Protein chains: 2
Amino acid sequence: MSSPPVFALDLESLIRAKSIATAVSASDSRPKISTKDRILNATEALFITRGFDGTSLRAITTDAAVNLAAVNYHFGSKEELFALVLTRRIDALNEQRLRRLDALEAKGLDSVYGVEQIIATLFLPALALARDEAHGGADFLRLLGRAYADPAPFVRSLLAERYAATNARFKAAFARSLPDLGGEDLSMRLHFILDSVAASLAADDVRRHLSGLKVSARTNDEDDLQFLVYLAPFLAAALRAAVRQPQQIAALRALTA
Amino acid sequence: MSSPPVFALDLESLIRAKSIATAVSASDSRPKISTKDRILNATEALFITRGFDGTSLRAITTDAAVNLAAVNYHFGSKEELFALVLTRRIDALNEQRLRRLDALEAKGLDSVYGVEQIIATLFLPALALARDEAHGGADFLRLLGRAYADPAPFVRSLLAERYAATNARFKAAFARSLPDLGGEDLSMRLHFILDSVAASLAADDVRRHLSGLKVSARTNDEDDLQFLVYLAPFLAAALRAAVRQPQQIAALRALTA
DNA sequence: TAGAAAATCAAACAATCGTTTGAATCAATC
DNA sequence: GATTGATTCAAACGATTGTTTGATTTTCTA
């Protein structure tokens with residue numbers, strides 16, 4: 001590589017904005033990102049917007065400024081690559097969720113706002129990871145949402161396998177704080193909430209709204225708190241809502257008649 | 001439901017639920033489904049499980065028992081085919097939603113349960129179409145959910161165009177029934193609810209739970225009512241939840257500290 | 001510094017993609 | 001019953017897919 005081509009490469013990296021993937025001149029002291037990491041980052045970014053089927057290996061290797069064969073050399077196959085992209089995020093999330101749930105149950109739940117606390121335990125790790133640039137930063141939430149909705153069978157089976165244990169733990173925790181809610185009702189509402197949060201976090205305008213909230217925060221903890229203050233009551237009210245109220249039924253019956 | 005051969009066909013139609021695409025014997029008097037409709041039905045079924053990028057024209061024409069070239073002959077292109085599959089469902093849904101909203105506003109909303117009534121107005125047309133086999137039957141809800149989550153740019157832009165007007169009308173209706181909720185808060189919660197309902201309805205276990213509820217119903221209206229009694233209070237409670245309660249904030253602050 | 005291992009490369013692989021072609025077949029009209 | 005238009009068909013189009021190859025370069029080790 002001589003000097004003019006290096007210049008051209010640097011320009012292209014500026015245009016592409018995200019992956020600072022491209023090579024730096026020999027005199028530059030900045031640490032060069034490895035080929036594997038450049039591929040992982042480019043894959044993650046493309047998966048977020050285009051999904052598994054919509055992302056080709058050539059699009060990945062082009063964005064990562066890497067040879068096409070590098071994917072199969074370093075990761076084996078397209079599926080193995082995407083599995084690594086997804087698990088490195090999801091596993092970290094679920095580990096922190098379970099750790100926080102352990103701590104919460106050891107300390108004992110608030111008698112009144114226990115449901116809000118469990119909800120917070122579900123969301124605080126996601127918010128923390130979304131602030132950590134090493135875990136994808138703001139794109140972390142979009143990755144979660146897209147993965148949850150991706151139609152590719154490979155993605156769906158991978159998620160089911162990775163979420164099963166964590167979901168069971170949280171369902172049990174909610175059940176203890178919502179004794180009046182039947183197991184069937186709880187299952188449905190919980191599933192509804194998990195689905196919906198994933199979908200909402202992935203949606204553009206919700207995330208824009210959240211980043212608007214963040215501006216006024218002074219610290220990261222205050223930041224997360226504002227988010228929870230916004231979301232937890234909303235979700236807790238939904239979970240706590242009484243089922244089959246006579247007056248409500250009457251108001252609705254007037255519509256279907 | 002009379003002679004044995006008809007019985008067998010009825011059974012299969014129950015199992016396959018959707019595309020009766022396959023050929024019938026020449027002596028059968030049943031009207032043969034046209035090539036165009038067989039393609040549309042097969043496309044819808046495949047889109048539900050595999051999305052736009054994951055569905056090939058060859059998979060469609062194989063399931064529809066139709067020549068590969070028939071798609072381009074009858075619909076022009078893959079995108080035009082999918083656009084027709086999506087719009088024939090979504091447009092019918094939004095028309096009925098707006099018609100019901102007109103009727104509700106003309107009659108005047110319930111002073112206490114107005115929010116539940118608007119929510120019901122959002123869901124009753126979806127439930128009615130989900131019961132109408134001519135509009136896709138039970139798969140109609142899955143189609144909505146999958147379309148909402150599909151990553152293909154073509155699908156996303158098509159949905160944005162088709163939903164815009166209806167969403168604006170309903171947001172205005174909610175705003176009148178939730179005067180205490182700021183426009184920003186309403187936007188976020190409403191978007192959250194629409195996203196989540198679409199995601200939940202598309203999820204397998206929620207639909208299974210709903211069909212379990214249906215068994216005990218005697219009529220279709222009673223059927224829809226049970227669904228609403230289940231869902232409307234849940235969503236209305238979420239929309240009505242008070243924002244930024246001091247005690248709630250305190251309970252959450254204990255976690256982030 | 002010589003040699004071995006790891007990594008990158010251009011090029012091609014077979015398979016599949018959406019689309020097109022032109023002949024064969026069907027259905028309806030005169 | 002012949003003719004015309006609509007439809008279906010097998011076959012192939014060029015482009016793109018994931019993957020592999022074998023030579024070349026880079027990196028590390030002895």
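Protein chains get the first letters and strands the later ones, always in sequence-line order, with residue 1 at the start of each. The structure presented is a predicted model; accordingly, all values stated were derived computationally and were not measured.
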So, B:Y163 versus B:Y148, ring centres under 6.0 angstrom or not?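 Between B:Y163 and B:Y148, the centre distance is under 6.0 Å.
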**Asked** For the rings on B:F52 and B:F154, is their centre-to-centre separation under 6.0 Å?
**Response**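 Yes, the ring of B:F52 comes within the 6.0 Å limit of the ring of B:F154, centre to centre.
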Check each residue of residues 73-86 of chain B for a non-hydrogen atom within less than 4.0 Å of any atom in DNA chain C, then write out the ones that pass by number, or none.
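Output list: B:S77, B:K78.
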Please list, in numerical order, the residues of residues 46-55 of chain A that have a heavy atom closer than 4.0 Å to any atom of DNA chain C.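 Within this stretch, nothing sits under 4.0 Å of the strand.
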Please report the interatomic distance OG1(A:T87) to CZ(A:R162), rounded to the nearest 0.5 Å.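 Between atom OG1 of A:T87 and atom CZ of A:R162 there are 5.0 Å.
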Do any side-chain nitrogens or oxygens of [X] fall under 4.0 Å of OP1 or OP2 in [N]?
X	N	answer
B:N67	D:dA10	yes
B:T35	D:dT7	no
A:S56	D:dT16	no

May I ask you to decide whether A:R99 forms a salt bridge with A:D102, counting only side-chain N to carboxylate O separations under 4.0 Å?
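Salt bridge: no.
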Taking [atom1] from [X] and [atom2] from [N], how many angstroms apart are they, rounded to a whole number?
X	N	atom1	atom2	answer
B:K36	D:dA6	NZ	P	13 Å
A:N72	C:dA12	CG	C1'	14 Å
A:L68	D:dT19	CG	P	10 Å
A:I39	C:dC9	CD1	P	10 Å

Mark yes or no for whether [X], through its side chain, and [Y], through its backbone, hold a donor-acceptor pair below 3.5 Å.
X	Y	value
A:R156	A:D150	yes
B:R38	B:A64	yes
A:R146	B:A149	yes
B:R100	B:E95	no

### Task
Take B:R58 and A:A69, find for each the nucleotide of DNA chain D with the closest heavy atom, and name the residue whose nucleotide sits nearer the 5' end.
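The residue closer to the strand's 5' end, by nearest nucleotide, is B:R58.
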I need the minimum non-hydrogen distance between A:K36 and A:F75, along with the two atoms involved.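 Heavy atoms of A:K36 and A:F75 come nearest at O-CZ, 3.6 Å.
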